[in-house]
Amino acid sequence: MTLRPWLRLLAAALLLAGAAAALLRAVEIRLDMAEFLPPARTEAGAFLLGELRGGAATSLVLAAIEGAPVPELARLSHALAAALRASGRVGLVANGPADLPEDERDLLFRHRYLLSPVVEPALFETPALHARLEALLDGLRSSAAPLLRQVGFADPVGAFAALAARWLGPARIELQEGVWIAQRPEGPRALLVARIAGQGLDVAAQRAVLDVLRQGFAAAGPGPARLLLGGPGLLSAEAAAVVRADVQLVSLVSGLLIAGFLLWRYRSLLMLAAVAVPLAAGALAGAAATALAFGHLHAAALGFGMTMLGVAVDYPILLVSQRRPGESAAAAARRIWPSLRLAAAAAAAGMTAMLGSGFPGLQQLGLFAAAGLLGAALATRFLLPALLGEAGIATRPLPAGLERALLALPRARAAALALPLLALAGLATAGGPRWERDLGAISPVPEAARRLDGELRADLGAPDVRLLAAFRAPDAEAALQGAERVAALLAPLVAAGLVGEIDHPARWLPSAATQRARQAALPEDALLRARMAEAMAGLPFRATAFDRFLADVAASRHLAPLLPESLGAAPVLRARLEPLLAPRGGAWQALILPSDVRDMAALRAALRAIEEPGLLAVEVKPETEALVAAATSRALVWCGVGGVLVLGLLAAGLGGIGPALRTVLPLGAALGLTVALLALLGEKLMLFHLVALLLLAGVGMDYALFLGRAGTEAPEGRLRALRSVFNCTLTTLLTFGLLALCSTPLLRSIGLTVAIGVVAAFLLAAALAPRPAPR
Amino acid sequence: MIGRRLLLALIPLGAAAARAETPLEALMRRLAAVRADEVAFAEEKAIPELDLPLAATGTLRWQAPDRLEKRTEWPIREVLRIEGDRLTLERPDQGVRRSLSLDQSPEIRPLVEAIRASLAGDLATLRRHYEIAMEGTPEAFRLTLVPLSARVLAAVQRIVLAGRDARILEIDTQEGGGTTRLRITPR
């Protein structure tokens, strides 16, 4: 071999990285954050997750503009609404009172006797007609006459008025300069609502809408005004983007820091190339295993997986630093292989807990990390020594004071044992760690964004849904009929004031059966004419005054019912209906949403009493908490399984359960101390902490194994081990310490846990290492 | 039409004379000078679907800058009050009281402003909602307002305000084949 070692190393690293990159290009990369939602075990849970993943809520966009006087806010609000409409990416935009386009209004008007809730046989009998005509005459005398005349003669019974009142709805939000304005302590805020066109949680569509909003706002020349965004789908799309950006930044900065640190410690560019080879091999192995098992890769799993693989830097560091003077790289690799093999296998076994979590995203992450660690370890053992050849990299000593302190650590053995025990006892007396039960906190959406979302919702008077019910049926018509039956059974609650309102799709578009029943209630033309003639007696109406009404009723009797699919050319009507009525996995689902619930117990009882096999009612908070709790306890079980597996591996590798327990003692103590410290910092434990603890266990395993094995050696060997493990600890700290500074809860919790944990694992492993045998 | 031609002819003149007042502006200035007024009205609504016109009488009250009240005494009792952005319609005999925001009612606002902005002499607001043609002089005038909004135009085709000496005496509203004529008698 004539190539110089660093050229060989560089070529190998580039080759491996190139292969990994090519693999990633070939595999589908998914962005859908829903893969990080817990899996559902119950029908109610599955329904709730379905709504979270692709339901009506995810397509809602809430926007607010603040920081300028009202006329300027109004101008920006109109500009933003126009930009959204022009993009063609939203089904509905509203920044002021609802307004139906002319043709959609005509559609409702034409079908008024089929759609209007007031239509019933008595309405078309002489006494009712007479009363209506008198009311019309009275209205014509009033100042409201110009408005009344527009439809009063074509619809004296007021069917359209009732329909329009429902569609246009009561205005609950203050209006200034023609746009919705919410008055907040910090100043006025213009509000805007939009619904992303189409169904489902389409991250690409959400990102496109985000772009339209940002660019539209910037193009409008906002000056000092600010744009605030809400809506669960948009928030998660944005959060995913923020998480990705954070991970990229952290990877870059920590990569530079680690490179700097390694250069300082080893004074050799060769070291950087040596570290790159196992890393690239690990990335290739992780990506290949995940792609093979799942057929696709999740972007977040890939991002975190690469961060987790950062700990594989330890393996080449251990190899290089543990090499004795005069020893060849191959010989050193052979010598440390039993420990290295055991450390990597145990770390990979720990990751299996994630495979059992049931979260598709976490499963990918676990597999990626486990395969990556094993790949990196194998590359360190079999590839790296060959590439390094005879080239030597000297490990520089640590500052003398630090080395003395580290060597003296075993003297603090008692304290090292007492501290974690004390911390755990303290934690136990405080009632154990607190668990996060809110699904929202698990979401990667930052707390501030969720609070803003809640504020915007309250401003817009959007109902806060505590309980939702769904009716599933084979087709849209059956779903509408089911919603009508359920709503009729719940109507007494509304009448008694126990529930404010019950929204359901048939309120907007009645089932064809209901429409036909109303048609059947319409009198024949001759009969209605006779009744109208009677009703007009003594009133100053001309004989022909109601010709249009008569003709419209006659036409309505033979009109085809308005069906969901016939709303194709009516985007505003459709946008109202779609969130409530949509196909879900081969069936149709109608949502029934009680809002302003004053007596939850009564509503719960009423729903329970309804015997409809298609009906499913879910209370959002308890159900999501149950989902989170179930997922967490499953993860805990799998952590236990992972722990037993690790212990078994160690026992097999070290020859007995005794040495295995002695090796994991510092690690266990470090994990306990970390959990206690997290609790002390006020962190509520959640799944991501568990993931981080698993990662920590994998990293700490190296420390315990190598320091434990070196403990009985001469001071020189102990020092070599201490130096190498110290370098490993610092590289890990450089990565995860940066993550702990991120604002995203997800990254922060992982970063904080690992950062605290590696320091504890290193110090405890050094302190609790077997004492040198007295000479 | 004469008024408009006159207006057109006056534009270059006005520019040359640096803000010479048009007759319309002069009329508006004189209307604006009336800060408060109370008059009797008699209204006749002719509606094509009815055999005979509907008559009503009552009082109109104006208080600058933006308060207008139309109190109908016969044959029904009704109070229509407009103040700022709020329109309130009261039918005391039926216990009905409805209130709405003019900002939220783009189809009602122009009808309100035809009278209120005219009484206030607020030409800018009138122009926002109407194409305006003036005939005669500020002493004896006839203002024809044609709604700019297509939606309003579908309901109300034209409003003609006629009067003398800074006082509106007759308001004719043409709406879908019918005409409402409001005659004003100063008290």
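Lettering follows sequence order; numbering is per chain, from 1.
For chain B, the nearby part of A:Phe153 is the side chain; its heavy atoms alone come within less than 4.5 Å. Both the backbone and the side chain of B:Glu175 come within less than 4.5 Å of a heavy atom in chain A.
Of residues 125-143 of chain A, those residues with a non-hydrogen atom less than 4.5 Å from any non-hydrogen atom of chain B are, in numerical order, A:Leu137, A:Asp138, A:Leu140, A:Arg141, A:Ser142, A:Ser143. Annotation: residues 70-77 of chain B contacts chain A through B:Lys70, B:Pro75, B:Ile76 [non-hydrogen atoms, separation under 4.5 Å]. Chain B is approached within less than 4.5 Å, heavy atom to heavy atom, by A:Arg542, A:Ala545 from residues 542-557 of chain A, ordered by number.
For B:Tyr130, there are no side chain to side chain donor-acceptor pair (under 3.5 Å) partners two or more places apart in sequence or in a different chain.
Heavy atoms from other residues, nucleotides or ligands lying under 6.0 Å from CZ of B:Arg91 number more than 12.
When the candidates B:Ala155, B:Pro48, B:Gly178, B:Ala56 are compared by the number of heavy-atom contacts under 4.5 Å with chain A, B:Pro48 comes out ahead.
Between A:Phe541 and B:Asp51, the closest heavy-atom pair is O-OD2, 3.6 Å.
The line from CZ of A:Arg149 to OG1 of B:Thr180 is 7.5 Å long, rounded to the nearest 0.5 Å.
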